[in-house]
S.K.: 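This structure is in structure tokens; I'll ask about it shortly.
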Amino acid sequence: MTENYINPNNIIALKESLTEFDKNKNVKSLLFFMADSDQYSSSQLTPILKSTLKPIIGGIFPELIFNGERKNSGVLIIPLTFELKTQLLDLSLNSVDIFSQLEKQQNQSTDSNSCLFVFIDAFSENKEMLTETLFNYFGINPTYIGGGAGSLNFKQFPCIINNNGIHENAAVIGWGKKQIEIGVAHGWESISNPLKVTEAANNKIISINWKPAFEVYKEIVESHSGMKFNNNNFFDIAKSYPFGISKMDEEKVVRDPFKVTNNTIYFIDNIQEGAYVEVLHGNIASLLKGSEKALENAFLNNAIDNNYSNTFCVDCISRVLYLNNNLQQELDIVSKNSNVSGIFSIGEIANYDSILEIYNKTIVIALW
């Protein structure tokens with residue numbers, strides 16, 4: 001089943017595409033992704049979404065991938081030949097209430113050969129609570145795949161999409177009785193000794209080894225890079241020096257720093273107090289090797305006997321900013337066996353090696 005890319009400012013073509021998918025009996029559900037640039041307004045899009053009969057889940061993302069090429073505007077629709085049991089989740093609710101909602105709506109979603117798509121407001125404070133709740137409910141049965149929606153302006157806005165419209169501070173999930181295989185990798189390598197996070201709050205690290213967090217980070221990064229931080233260049237330098245959370249016998253889970261205030265470092269996603277982290281660094285070659293590894297891992301895990309028709313990619317938008325003119329090399333690598341489509345996200349969601357994680361600066365490949 002072929003995905004469809006619609007150029008921006010062509011709402012008629014978008015409506016026609018959804019109508020055609022509605023008529024196609026082989027299409028059971030739709031993944032719907034809109035680029036942040038030149039996006040349609042809620043008043044334009046909501047009536048079209050509500051008139052679509054097939055289940056829709058997705059969101060607004062910084063950029064898109066279509067047939068192995070980067071798209072910084074437009075809409076990508078990926079038809080699925082399996083039905084998704086979809087559910088919108090309000091992230092202002094607590095874990096107990098969300099779990100209760102899952103029990104009511106997903107009580108038959110228990111098959112081990114299954115998948116769970118998860119698209120979440122990247123700037124919701126309750127992202128980690130949601131992934132923990134999802135894992136508590138669904139466990140290791142499904143293969144999880146998804147990402148954080150939003151804009152690189154780091155401001156929260158309605159960005160989660162389903163048949164009822166566009167939603168803020170929300171997540172949308174879709175469970176399907178379909179086996180998919182995933183590979184996850186990043187290519188970042190450690191340049192520091194393990195460091196203990198001695199004070200943290202949500203997505204902020206306040207102290208490392210009982211010292212102000214930025215002072216420790218600054219000393220390591222400036223020594224390695226030969227560059228000096230000033231009041232205006234934190235992100236420009238930090239995009240090459242993420243943190244890695246140490247995991248037993250696993251590749252480190254990357255956390256992406258994006259600003260510093262009063263020696264406190266802010267990240268896209270949470271780091272727990274007491275965790276051990278290392279400062280990471282990469283170059284073009286190591287990141288491209290990471291994309292090769294993600295694709296290889298998806299095929300190593302492939303129990304579908306190569307009988308798959310879709311290669312789906314969730315790639316971190318900060319990899320785009322880092323790879324820059326070399327990004328097409330990454331897309332060519334992951335399109336080696338078939339043209340890939342997907343999203344450039346703000347945080348990647350997957351359960352590689354069983355545990356459900358929110359990743360940063362990472363690439364996830366899915367086959368189905």
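Treat the numbers as computed from the prediction; the structure is a model and nothing was measured.
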S.K.: Would you say Glu3 and Asn310 make side-chain contact, with heavy atoms under 4.5 Å?
M.R.: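 Glu3 vs Asn310: side chains touch.
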S.K.: Examine distances only and state if a side-chain atom of Ser100 and a backbone atom of Val96 form a donor-acceptor pair shorter than 3.5 Å.
M.R.: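 Checked: no pair found.
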S.K.: Is there a donor in the side chain of Ser151 and an acceptor in the side chain of Asp36, or the other way round, less than 3.5 Å apart?
M.R.: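 Indeed, the side chains of Ser151 and Asp36 share at least one donor-acceptor pair under 3.5 Å.
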S.K.: Kindly say whether the aromatic ring centers of Tyr144 and Phe117 come within a distance under 6.0 Å.
M.R.: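 Ring centres of Phe117 and Tyr144 not closer than 6.0 Å.
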S.K.: Would you mind listing every ring-ring contact (aromatic ring centres under 6.0 Å, His included) that reaches into residues 313-350, with sequence neighbours excluded?
M.R.: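 Applying ring-ring contact (aromatic ring centres under 6.0 Å, His included) to every pair that reaches into residues 313-350, excluding sequence neighbours, yields Trp188-Tyr322.
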S.K.: Going by atom types only, do Thr81 and Asn26 share a side-chain donor-acceptor pair under 3.5 Å?
M.R.: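 No donor-acceptor contact under 3.5 Å links the two side chains.
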S.K.: Could you list the residues that satisfy side-chain hydrogen bond (donor to acceptor under 3.5 Å, both in side chains) with Ser29, not counting sequence neighbours?
M.R.: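 For Ser29 there are no side-chain hydrogen bond (donor to acceptor under 3.5 Å, both in side chains) partners, ignoring immediate neighbours.
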S.K.: Does Arg319 reach the main-chain N or O of Lys361 with its side chain, forming a donor-acceptor pair under 3.5 Å?
M.R.: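 Side chain of Arg319 to backbone of Lys361: a pair is present.
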S.K.: Between Phe258 and Phe154, does the ring centroid distance fall short of 6.0 Å?
M.R.: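 That pair passes the under 6.0 Å test.
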S.K.: Supply the atom-to-atom distance Lys127 NZ to Asn169 CG, rounded to the nearest 0.5 angstrom.
M.R.: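 Those atoms lie 11.0 Å apart.
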S.K.: Using atom types as modelled and distance alone, determine if a side-chain donor or acceptor of Ser124 lies under 3.5 Å from a backbone N or O of Asp121.
M.R.: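 No, the answer is negative, given that no donor and acceptor are paired below the 3.5 Å cut-off.
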S.K.: Kindly say whether Asn360 contributes a backbone atom to a donor-acceptor pair with the side chain of Thr362 at under 3.5 angstrom?
M.R.: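 At least one qualifying donor-acceptor pair exists.
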S.K.: Drop me the distance from Lys289's NZ to Glu296's CD, to the nearest 0.5 angstrom.
M.R.: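 Those atoms lie 9.5 Å apart.
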S.K.: Do Phe61 and Ile160 share a hydrophobic cluster (ILVMFWY, side-chain heavy atoms under 4.5 Å, transitive)?
M.R.: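 Phe61 and Ile160: one cluster.
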S.K.: What's the separation between atom NZ in Lys293 and atom NE2 in His186, rounded to the nearest 0.5 Å?
M.R.: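 NE2 of His186 is found 7.5 Å from NZ of Lys293.
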S.K.: Are any of the side-chain nitrogens in Glu63 or Lys71 under 4.0 Å away from the carboxylate oxygens of its partner?
M.R.: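 Between Lys71 and Glu63 there is no salt bridge, as every charged N stays at least 4.0 Å from the carboxylate O atoms.
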S.K.: From Ile205 CD1 over to Phe267 CZ, what is the distance, rounded to the nearest 0.5 angstrom?
M.R.: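 Spacing of CD1 (Ile205) from CZ (Phe267) equals 4.0 Å.
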S.K.: Hey, could you give me the CG/CE distance between Asn270 and Met129, rounded to the nearest 0.5 Å?
M.R.: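 Spacing of CG (Asn270) from CE (Met129) equals 11.5 Å.
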S.K.: Carefully, step by step, assess Leu116 and Ile173 under the rule side-chain contact (heavy atoms from CB on, under 4.5 Å).
M.R.: CA-CA 7 Å; Leu116 188 74; Ile173 63 172; 4.2 Å; yes
S.K.: Is the closest basic N to carboxylate O distance between Glu83 and Lys177 below 4.0 Å?
M.R.: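 No salt bridge links Glu83 with Lys177.
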S.K.: Looking at CG of Leu356 and OG1 of Thr143, how far apart are the two atoms once the value is rounded to the nearest 0.5 Å?
M.R.: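 Atom-to-atom, Leu356:CG and Thr143:OG1 are 11.0 Å apart.
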S.K.: Using the ring centroid of each side chain, check whether Phe119 and Phe33 are separated by less than 6.0 Å.
M.R.: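 Yes.
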